[in-house]
Number of protein chains: 2
Amino acid sequence: MTQTLDVRTKLQVTCHNCSLSELCIPRGLNQCDIDRISQIVGRKKTLQKGDYLYRKGDRFRGILAIKAGTAKIVTMDQSGNEYMTAYLLPGELLGFDALADDRHTCSAMALETLSYCELPAEQLDALCRDVPNLLRELFRHAGNTLAAETSQIVLAKRPAEERVAGFLINLSDRLARRGFSPLDFRLSLTRQEIGNFLGLALETVSRILKSFEDGGLIEVNYKQIRIQNLDGLRRLCAEY
Amino acid sequence: MTQTLDVRTKLQVTCHNCSLSELCIPRGLNQCDIDRISQIVGRKKTLQKGDYLYRKGDRFRGILAIKAGTAKIVTMDQSGNEYMTAYLLPGELLGFDALADDRHTCSAMALETLSYCELPAEQLDALCRDVPNLLRELFRHAGNTLAAETSQIVLAKRPAEERVAGFLINLSDRLARRGFSPLDFRLSLTRQEIGNFLGLALETVSRILKSFEDGGLIEVNYKQIRIQNLDGLRRLCAEY
DNA sequence: CGGAAACTTGAAACCTTTCAAGAGTCGTGG
DNA sequence: CCACGACTCTTGAAAGGTTTCAAGTTTCCG
């Protein structure tokens with residue numbers, strides 16, 4: 001039985017019994033390793049919708065793991081235009097945008113009530129020495145972040161319909177991997193934000209969702225999406 | 001005196017006297033560290049235009065550093081469409097697309113005669129133990145790769161003219177940082193490849209370069225570009 | 001319950017692509 | 001060294017996809 005994506009779901013406090021442990025940092029680490037990490041990660045913190053996990057220009061504080069809720073990664077250009085570069089689900093890690101020069105190049109904002117844990121920067125070095133496999137895990141996660149952006153670059157070069165289809169498929173896949181229903185979920189993004197993420201006008205997003213609904217591919221009720229024909233969506237999208 | 005980007009320039013063999021050492025892996029490492037890396041990196045290898053440094057699906061062999069020549073990073077979708085995700089200059093590192101699961105998710109192709117060095121995967125662990133700062137350098141470079149893709153995502157959401165302007169500015173900046181002339185260079189990409197990289201038709205690239213020339217911003221002679229008004233270009237581009 | 005925000009829908013405008021043709025360049029071989 | 005052919009680049013015109021503008025509807029939150 002899968003749970004519906006819902007921030008009110010109570011999640012556990014330590015890495016041991018965290019439902020995200022398979023996806024979060026401690027993948028492929030043994031019990032003893034997880035003990036050490038669990039001590040350092042500490043209690044989760046909670047934010048409200050619109051709060052920042054970090055802001056562009058902030059010093060790197062550590063790698064963060066979302067336990068519940070969703071977040072968006074955004075950056076701005078000189079003219080003040082906002083660009084969303086990622087949409088993050090529970091179990092996903094963020095903070096890698098500060099890897100290059102110890103300062104965040106993007107901001108991370110909670111899209112709803114959100115809780116997260118933190119692997120503090122100042123303890124990363126020591127922790128990596130004590131837990132050799134952790135290093136590999138961190139590189140693996142940095143690699144995942146990179147792969148997600150590569151995929152974003154590819155999708156951005158496809159026509160509008162494919163971008164929206166790809167967005168839904170990507171979301172469905174990631175929800176499934178994290179134990180949420182892959183066919184029935186509630187978007188925490190507005191049409192405006194989806195459009196910004198995909199490089200489309202919000203009206204285009206609305207129209208394409210409608211056309212998918214007319215085609216029997218999905219059922220749309222404002223932010224609630226139910227996928228009725230996942231294969232049909234996949235066939236629309238060259239990338240998946 | 002800066003040198004013109006030219007693959008025939010003879011470059012040195014070891015990290016010690018490599019003109020790229022400031023940009024390549026050994027930044028912020030001491031002489032002794034560089035000694036160790038230099039031994040392992042070994043002699044550079046040479047490829048011809050069209051040769052692959054690695055292919056999508058290949059096992060991760062190591063981090064590569066371009067000593068001379070340029071390369072493109074490409075990936076393909078199911079329909080066989082090619083997407084270029086990066087354009088790399090001498091002194092730049094590649095291979096991070098295999099970080100997530102030890103297999104390359106993209107291919108890297110030489111755009112002209114190219115030479116490179118290799119930091120072999122199987123020695124990375126040991127080397128990182130011996131040279132603690134190397135790890136930080138590798139993370140820093142992974143972060144740079146990520147930042148470059150983020151910038152690509154942002155640029156892809158701007159109108160065609162800004163994308164081309166941004167492409168030229170980005171190239172100019174990177175050439176300058178590497179000791180090449182930032183105002184006079186030869187593209188190793190065709191209009192088709194630039195278009196693919198920027199998500200534009202090749203004709204659009206051609207037309208926009210022409211319009212920049214008409215506006216006195218640049219001088220175009222096929223692949224040879226001379227920037228006459230860098231500030232003017234920058235003003236066209238919200239991102240820079 | 002009221003007002004602001006979010007979403008939908010239609011029509012016109014606009015930017016970019018596609019199609020097409022011609023000119024220039026580069027590398028190879030005679 | 002020149003000629004040929006393949007490839008690349010340029011340029012124009014029409015077609016097409018997406019955005020913008022505008023108005024109306026629904027939802028959400030205080």
Side-chain angles (χ1 to χ4, degrees), chain A residues 6-8 48-50 72 81-84 110-113 155-168 186-215 218-225 236-238, chain B residues 6-8 48-50 72 81-84 111-113 155-168 186-215 218-226 236-238:
Chain A
D6 187 336
V7 293
R8 284 161 297 189
Q48 296 309 309
K49 178 176 180 173
K72 65 175 179 180
N81 303 303
E82 189 174 293
Y83 303 92
M84 180 172 161
L111 290 163
E112 55 200 317
T113 303
L155 202 62
K157 291 172 184 170
R158 303 297 311 167
E161 193 174 69
E162 283 193 40
R163 290 187 219 178
V164 178
F167 171 70
L168 293 174
R186 192 171 186 291
L187 296 169
S188 54
L189 298 172
T190 65
R191 301 286 189 268
Q192 170 70 66
E193 286 170 319
I194 298 173
N196 182 311
F197 185 48
L198 298 176
L200 299 171
L202 69 96
E203 295 94 332
T204 306
V205 175
S206 181
R207 276 186 257 267
I208 289 173
L209 288 176
K210 180 67 165 26
S211 80
F212 287 170
E213 187 166 35
D214 291 346
I218 62 176
E219 212 174 275
V220 184
N221 194 277
Y222 292 88
K223 298 200 166 159
Q224 193 68 33
I225 304 282
L236 281 182
C237 190
Chain B
D6 187 337
V7 294
R8 285 161 296 187
Q48 296 308 309
K49 177 176 179 173
K72 65 175 178 180
N81 303 303
E82 189 174 295
Y83 303 91
M84 179 171 161
L111 289 163
E112 55 200 316
T113 304
L155 202 62
K157 292 171 183 169
R158 304 299 309 168
E161 193 175 68
E162 282 193 41
R163 291 188 218 176
V164 178
F167 170 71
L168 293 175
R186 193 173 185 289
L187 297 169
S188 55
L189 299 171
T190 64
R191 301 287 189 266
Q192 169 70 65
E193 286 169 319
I194 298 172
N196 182 312
F197 185 49
L198 298 176
L200 299 171
L202 70 94
E203 295 94 332
T204 306
V205 175
S206 182
R207 276 186 256 267
I208 289 174
L209 288 176
K210 181 66 165 28
S211 80
F212 287 171
E213 187 166 35
D214 291 346
I218 61 176
E219 213 173 275
V220 184
N221 194 276
Y222 293 90
K223 298 199 166 160
Q224 193 69 33
I225 305 280
R226 180 193 295 271
L236 280 182
C237 189

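No experiment lies behind these values; they were computed from the predicted model shown. To find a chain, count down the sequence lines: A is the first, B the second, and so on, and within it residues start at 1. Only this structure's heavy atoms are used, side chains among them; waters, hydrogens and symmetry mates stay out.
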Check: If you check every side-chain atom of Ser206(B), which of dT8(C), dC9(D), dT9(C) has the closest atom?
Finding: dC9(D)

Note to self: Rounded to whole Å, please give me the gap between CD1 in Ile208(A) and P in dC7(C).
What the structure shows: 15 Å

Next item on the list: Measure the distance from CD on Glu162(B) to P on dC15(C) and round it to the nearest whole Å.
Entry: 13 Å

Next item on the list: Rounded to the nearest angstrom, tell me the gap between atom CZ in Arg186(B) and atom P in dT8(D).
Entry: 13 Å

N/O to N/O distances under 3.5 Å, protein versus nucleotides 19-21 of chain C:
residue, atom, partner, partner atom, Å
dC19(C), N4, Glu203(B), OE2, 3.1

Check: Between the side chain of Arg191(A) and the main-chain N/O of Lys223(A), is any donor-acceptor distance below 3.5 Å?
Finding: no

Next item on the list: For Thr204(B), report the nucleic acid contact type (base, sugar-phosphate, nothing); a contact means any heavy atom under 4.0 Å.
Entry: base

Check: Does the pair Lys210(B) and Arg207(B) meet the rule for a side-chain contact (heavy atoms from CB on, under 4.5 Å), with working shown?
Finding: CA-CA 5 Å; Lys210(B) 181 66 165 28; Arg207(B) 276 186 256 267; 5.5 Å; no

Margin query: Students often get this wrong, so: under 4.0 angstrom with heavy atoms, is Leu202(A) touching a base, only sugar-phosphate, or nothing?
Written below: base

Next item on the list: Measure from NZ on Lys223(A) to C1' on dT8(C) and round the result to the nearest Å.
Entry: 15 Å

Next item on the list: Whole angstrom is fine here: how far is it from CD1 in Ile194(B) over to P in dT17(C)?
Entry: 14 Å

Next item on the list: Tell me which of Ala201(A) and Lys49(A) sits closer to the 5' end of DNA chain D, going by the nucleotide each one is nearest to.
Entry: Ala201(A)

Next item on the list: Give, for atom CG of Leu200(B) and atom CD1 of Ile208(B), the distance between the pair rounded to the nearest 0.5 Å.
Entry: 6.0 Å

Next item on the list: Assign Gly199(A) to base, sugar-phosphate, or nothing according to its heavy-atom contacts below 4.0 angstrom with the strands shown.
Entry: sugar-phosphate

Checklist line | Under-4.0 Å salt bridge between Glu112(A) and Arg186(A) | finding: no

Check: Would you say the side-chain atoms of Lys72(A) pair up with the backbone N or O of Leu189(A), donor to acceptor, closer than 3.5 Å?
Finding: no

Check: Which pair of heavy atoms, one from Phe212(B) and one from Val164(B), lies closest together, and at what distance?
Finding: CE1-CG1, 3.8 Å

Next item on the list: Starting from C1' on dT16(C), measure out to CD on Glu161(B) and report it in whole angstrom.
Entry: 13 Å

Item checked: Rounded distance in Å - CZ (Arg163(B)) to C1' (dT17(C)) -> 12 Å

Within the sub-3.5 Å range, which N or O atoms of nucleotides 23-27 of chain D have a protein N or O partner, and how far apart are they?
residue, atom, partner, partner atom, Å
dT26(D), O4', Tyr222(A), OH, 3.4
dT26(D), O3', Tyr222(A), OH, 3.1

Checklist line | For atom CG of Leu187(B) and atom P of dC26(C), their distance in whole Å | finding: 13 Å

Check: Do Leu168(A) and Cys237(A) pass the side-chain contact (heavy atoms from CB on, under 4.5 Å) test, and can you show the C-alpha distance, the side-chain angles, and the key distance before you say yes or no?
Finding: CA-CA 10 Å; Leu168(A) 293 174; Cys237(A) 190; over 6 Å; no

Check: Any idea which of dT11(D), dT18(D), dT8(D) is nearest the Lys210(B) side chain?
Finding: dT11(D)

Check: Just by modelled atom types, is the Arg226(B) backbone N or O under 3.5 Å from a matching donor or acceptor in the Glu219(B) side chain?
Finding: no

Check: Glu161(A) side chain to Leu236(A) main-chain N or O, any donor-acceptor pair under 3.5 Å?
Finding: no

Check: Which listed nucleotide (dT18(C), dT19(D), dT8(C)) is nearest to the side chain of Arg191(A)?
Finding: dT8(C)

Item checked: Backbone N/O of Gly199(B) and side chain of Arg163(B): donor-acceptor pair under 3.5 Å -> yes

